[in-house]
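What follows is a set of notes on a single structure, which appears directly below.
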Amino acid sequence: MYPNRLRRTAVAVAAAAMLPIVLTACSDSGDKDTKAGDSTPSAKASKSDDAMAMDEPFGPACSSVPKDGKGSFDGMAKDPVATAASNNPELSTLVSAVKKAGLVDTLNNAKNITVFAPTNDAFAKIPKADLDKVLNDKAMLTKVLTYHVVGQKLAPKDLENGSYETLEKSKLTTAGSGTEYKVNDTSKVVCGNVPTANATVHIVDTVLMPKS
């Protein structure tokens, strides 16, 4: 009788001694699972943030774009490209040239295009006599302006190493990575990936000239 009671007592004591160890092991396992679970959403969020960043306008000149109103990124996204550009004070020379060439309706009515839009400073790089000559020759002006337009929307990844036919019918090239790209190896994209209702705009610091 006594040996059985002693045996039962010993088993109970052993079970009581093991209980904290089992609880500790379960607690450690839970911590590890929680930590692993915490890291996964964080990694996913980081990737998601990177993807979102590439959908946003980028480049040093983007800081000069108005924060609100029709000339802001949100405002430009609601208008077709020629109208959107007319609301951006940095593109006033380009807009004047587009009007002189009679291309406002052509650009506004086009579907899914990309416009490499030279800033006012880009036009200022051209000697005044040469610029005046181009502005006063509608055929030449049209040739130059349509060379800045590609008949498809180009995202940043498309600019990494590309060659695209323009509306002028000759080709331009793009190269770069991240947030730094060049067109024809000379013109820098200073504010890229700007959305308008019918086009993607990449603002550049040098006027592009057709090769032929």
Side-chain angles (χ1 to χ4, degrees), residues 45-99 103 107 112-128 130-131 134-135 144-150 152-164 166-167 171-210:
S46 176
K47 289 179 181 178
S48 177
D49 289 345
D50 288 345
M52 286 179 64
M54 291 311 292
D55 290 335
E56 298 294 325
F58 62 86
C62 291
S63 61
S64 66
V65 174
K67 301 300 180 187
D68 49 40
K70 289 187 175 182
S72 66
F73 291 130
D74 288 341
M76 291 179 71
K78 297 174 183 176
D79 289 323
V81 64
T83 302
S86 70
N87 294 318
N88 187 322
E90 296 298 319
L91 301 177
S92 59
T93 305
L94 172 63
V95 171
S96 294
V98 168
K99 289 178 179 177
L103 292 173
L107 294 177
N112 299 322
I113 60 173
T114 294
V115 177
F116 292 95
T119 61
N120 294 343
D121 288 342
F123 280 99
K125 291 179 181 180
I126 302 173
K128 188 177 184 307
D130 293 340
L131 180 58
V134 173
L135 291 174
V144 170
L145 292 176
T146 53
Y147 184 65
H148 289 75
V149 183
V150 172
Q152 65 186 90
K153 284 191 175 182
L154 301 179
K157 62 182 177 59
D158 298 317
L159 303 181
E160 291 178 359
N161 183 22
S163 177
Y164 301 100
T166 68
L167 295 193
K171 289 189 175 183
L172 58 73
T173 60
T174 61
S177 62
T179 58
E180 296 187 4
Y181 298 93
K182 283 187 176 183
V183 185
N184 290 350
D185 295 324
T186 57
S187 189
K188 292 181 181 179
V189 175
V190 292
C191 183
N193 214 34
V194 179
T196 72
N198 68 325
T200 296
V201 176
H202 298 293
I203 301 174
V204 294
D205 70 351
T206 304
V207 176
L208 306 172
M209 292 297 179

- request: Please answer whether the main-chain N or O of Glu90 pairs with a side-chain N or O of Asn88 as donor and acceptor at a distance below 3.5 Å.
  value: yes
- prompt: If only atom types and distance count, is the side chain of Thr196 paired as donor or acceptor with the main-chain N or O of Pro80 below 3.5 Å?
  reply: no
Rounded to the nearest 0.5 Å, how far does [atom2] of [Y] lie from [atom1] of [X]?
{"X": "Tyr181", "Y": "Lys188", "atom1": "OH", "atom2": "NZ", "answer": "15.0 Å"}
{"X": "Leu208", "Y": "Thr186", "atom1": "CG", "atom2": "OG1", "answer": "6.5 Å"}
{"X": "Ser86", "Y": "Leu91", "atom1": "OG", "atom2": "CG", "answer": "9.5 Å"}
{"X": "Met76", "Y": "Asn87", "atom1": "CE", "atom2": "CG", "answer": "8.0 Å"}
{"X": "Thr173", "Y": "Asn184", "atom1": "OG1", "atom2": "CG", "answer": "4.5 Å"}
{"X": "Gln152", "Y": "Thr114", "atom1": "CD", "atom2": "OG1", "answer": "7.0 Å"}

For [X] and [Y], which heavy atoms make the closest approach, and how far apart are they?
{"X": "Val65", "Y": "Ser72", "result": "CG1-CA, 4.1 Å"}
{"X": "Cys62", "Y": "Gly192", "result": "SG-N, 4.3 Å"}
{"X": "Pro156", "Y": "Asn193", "result": "CD-OD1, 3.5 Å"}
{"X": "Val201", "Y": "Ala117", "result": "CG1-CB, 3.8 Å"}

Is [Y] close to [X] at the side-chain level, that is, under 4.5 Å between some pair of heavy atoms?
{"X": "Cys191", "Y": "Ser63", "value": "no"}
{"X": "Leu154", "Y": "Thr200", "value": "no"}
{"X": "Leu94", "Y": "His148", "value": "no"}
{"X": "Lys182", "Y": "Asp205", "value": "no"}

- request: Could you check Lys171 against Ser163 for side-chain contact (heavy atoms from CB on, under 4.5 Å), going step by step and ending with a plain yes or no?
  value: CA-CA 6 Å; Lys171 289 189 175 183; Ser163 177; 3.5 Å; yes
Partner residues of Tyr147 under the ring-ring contact (aromatic ring centres under 6.0 Å, His included) criterion, sequence neighbours left out: none
query: By ring-ring contact (aromatic ring centres under 6.0 Å, His included), which residues pair with His202, not counting sequence neighbours?
result: Phe116
message: Quick test of your reading: applying side-chain hydrogen bond (donor to acceptor under 3.5 Å, both in side chains), list the pairs with at least one residue in residues 117-126, sequence neighbours left out, ordered by first then second residue.
response: Ser92-Asn120, Thr93-Asn120, Lys125-Thr206
[atom1]/[X]: more than 12 non-hydrogen atoms of other groups inside 6.0 Å:
{"X": "Asp130", "atom1": "CG", "answer": "yes"}
{"X": "Glu160", "atom1": "CD", "answer": "yes"}
{"X": "Lys99", "atom1": "NZ", "answer": "no"}

- prompt: Given the rule in the side-chain contact (heavy atoms from CB on, under 4.5 Å) test, do Asn161 and Thr174 qualify, once you have shown the distances and angles that lead to the verdict?
  reply: CA-CA 6 Å; Asn161 183 22; Thr174 61; over 6 Å; no
- prompt: Only one of Asn198, Leu145, Thr83, Val149 forms a side-chain contact (heavy atoms from CB on, under 4.5 Å) with Leu107, so which one is it?
  reply: Val149
field: Verdict with reasoning, Val190 to Val204, per side-chain contact (heavy atoms from CB on, under 4.5 Å)
entry: CA-CA 5 Å; Val190 292; Val204 294; 5.8 Å; no
- prompt: How far apart are the C-alpha atoms of Leu103 and Thr146, what are their side-chain angles, what is the distance that settles it, and do they pass the side-chain contact (heavy atoms from CB on, under 4.5 Å) test?
  reply: CA-CA 9 Å; Leu103 292 173; Thr146 53; 4.2 Å; yes
